[in-house]
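What follows is a set of notes on a single structure, which appears directly below.
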Amino acid sequence: MDFENQVAMVTGGRRGIGLAIAQVLGQNGARVAINDVAPEEEIEKTVEELKKQGINARGYVADVTKKEEIKAVVQDIINTWGQIDILVNNAGITKDALFVRMKDEDWKAVLEVGVQGIYYCTKEVLRYMMRRQYGRIINISSAVGVMGNVGQANYATAKAAVLGFTKSLAREVAPLGITANAVAPGFINTEMTKKLPEEVRETWLQQVPLRRWGEPEEVAQAVAFLASRAAGYITGQTIHVNGGLVMI
Ligand SMILES: NC(=O)c1ccc[n+]([C@@H]2O[C@H](COP(=O)([O-])OP(=O)(O)OC[C@H]3O[C@@H](n4cnc5c(N)ncnc54)[C@H](O)[C@@H]3O)[C@@H](O)[C@H]2O)c1
């Protein structure tokens, strides 16, 4: 994979899967911009780490649910690097509860980040991809969006929506030289899943044919492939990185 002369934007890129994606794209030559809601010093630390690895990186404090903030980020990337070739909509949150007990604000918050956030980021970046008649959009869904999960009705709804959005967008932008695909991870070792109780982790592990949790880098490799020129005839698809948890 060669991303020389390409620019990537990775949302929620400060840690976990987003950071791994930024690293793989950057190590293969892309200039990488990450944005996150984390405190500025945390984002700066991540950017410094990326730079130490020889990656040309920029970091932004910006919330994907805030249209104006995303607009400013995209404008700054364009002013600095002139283009955006790859957009990875990675930012996501969970606020788990059984549906009957789920709070209105927790339902809303998960959809706001997982769906509205993708809308704002894609809308903003797409304008510039259309001008250059080239682009790779990769949306991070989840195995939960396909199979559902107890206690995650909000999250499953958001992640299923991502798949419908990806397919519709793929059909619309195909004539413009732009592809849109999704990656649906299973259970991956990150801060998001660390907060699950040990017995829940163990129960899930029994359902994973490969009998282990995935690593962020393993998701990042699938994203990088879809982001590459080699994946030019793939659009509207989902790559499942889940150790066999769901087989479609
Ligand atoms: N870890 C898993 O097992 C798993 C499985 C399937 C899908 N996913 C998805 O992968 C993506 C990355 O998850 P992760 O496990 O690395 O989680 P994580 O919590 O480690 O990282 C997510 C990042 O997104 C950021 N973020 C949250 N809200 C944001 C907002 N409004 N604007 C900008 N940034 C925001 C967070 O600050 C964090 O840095 C998410 O979309 C998640 O739903 C994760």
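When a ligand or atom number is given, it counts from 1 through the structure's own listing order.
Remark: minimum distance from atom 6 (C) of ligand 1 to any protein heavy atom is reached at P185 O, 3.3 Å. For atom 41 (O) of ligand 1, the nearest non-hydrogen atom of the protein is N90 O, 2.7 Å. Atom 28 (N) of ligand 1 has its closest protein heavy atom at I93 CG2, 3.6 Å. If you check which protein heavy atom lies closest to atom 44 (C) of ligand 1, you get I17 CD1, 3.6 Å. Atom 43 (O) of ligand 1 has Y155 OH, 2.5 Å as its closest protein atom, hydrogens excluded (heavy atom only). Ranking the protein heavy atoms by distance from atom 10 (O) of ligand 1 puts I140 CG2, 3.4 Å first. Among all non-hydrogen protein atoms, the one lying nearest atom 18 (P) of ligand 1 is R15 NE, 3.5 Å. At the shortest separation from atom 38 (C) of ligand 1 among protein heavy atoms lies D36 OD2, 3.6 Å.
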Could you walk me through whether Y128 and Q75 pass the side-chain contact (heavy atoms from CB on, under 4.5 Å) check?
CA-CA 10 Å; Y128 298 99; Q75 194 55 61; 3.0 Å; yes
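The 12-atom threshold is not exceeded at CZ of R171, counting heavy atoms of other residues, nucleotides or ligands nearer than 6.0 Å.
Side chains of D76 and Y60: a donor on one and an acceptor on the other come within 3.5 Å. Under 3.5 Å, the side chains of E49 and Q53 contain no donor-acceptor pair of N or O atoms. Under the 3.5 Å distance criterion, with hydrogens and angles disregarded, no donor-acceptor pair is assigned to the side chains of R212 and N189.
Using a 4.0 Å cut-off to heavy atoms of T193, the atoms of ligand 1 that qualify are 1 (N), 2 (C), 3 (O). Counting the atoms of ligand 1 from 1 in the order shown, those under 4.0 Å from a heavy atom of G16 are 16 (O). For ligand 1, the atoms sitting less than 4.0 Å from at least one non-hydrogen atom of F187 are 3 (O), numbered in the order shown with element in parentheses. Set against the non-hydrogen atoms of D63, the atoms of ligand 1 under 4.0 Å away are 30 (C), 31 (N), 32 (N).
Within the set A91, G117, A38, the minimum heavy-atom distance to atom 35 (C) of ligand 1 is found for A91. Among I34, T190, V37, the residue whose heavy atom lies nearest to atom 29 (C) of ligand 1 is V37.
Considering both main-chain and side-chain atoms, N35 never comes within under 3.5 Å of ligand 1 through any nitrogen or oxygen pair. Distances between N or O atoms of I188 and those of ligand 1 include at least one value under 3.5 Å. For ligand 1, none of its N or O atoms has an N or O atom of S142 under 3.5 Å away.
Taking 4.0 Å as the cut-off, K159 counts as a neighbour of ligand 1 on heavy-atom distance. For A62, the heavy-atom gap to ligand 1 drops under 4.0 angstrom. Contact between W213 and ligand 1 is absent, with no heavy atom of the residue lying under 4.0 Å from the ligand. Residue contacts with ligand 1 do not include P216, since none of its heavy atoms lies under 4.0 Å from the ligand. Residue contacts with ligand 1 include G186, since one of its heavy atoms falls under 4.0 Å from the ligand. Not close to ligand 1: T11, with no non-hydrogen atom less than 4.0 angstrom away.
In summary, of the residues considered (R58, E69, M9), a side chain to side chain contact (heavy atoms under 4.5 Å, CB included) with N35 occurs for M9 alone. Considering N139, T122, T179, T238 as possible partners of T166, the one that fulfils the side-chain hydrogen bond (donor to acceptor under 3.5 Å, both in side chains) test is N139. The only member of T190, L50, V24 that meets side chain to side chain contact (heavy atoms under 4.5 Å, CB included) when paired with L19 is L50.
Salt-bridge formation is detected for the pair R132/D85: a Lys NZ or Arg NE/NH1/NH2 atom is positioned less than 4.0 Å from an Asp or Glu carboxylate oxygen. With respect to the salt-bridge test (charged N to carboxylate O, under 4.0 angstrom), the residues E105 and K108 do not qualify.
Here A184 has no heavy atoms under 4.0 Å from ligand 1, in either its backbone or its side chain.
Minimum heavy-atom separation, A222 to I239: CB-CG2, 4.0 Å.
A side-chain donor-acceptor contact under 3.5 Å links N90 to the backbone of T11. Counting only distance, with no hydrogens or angles, the side chain of E48 and the backbone of T46 share no donor-acceptor pair below 3.5 Å.
The distance from the CG atom of L126 to the CD1 atom of I84 is 11.0 Å, given to the nearest 0.5 Å.
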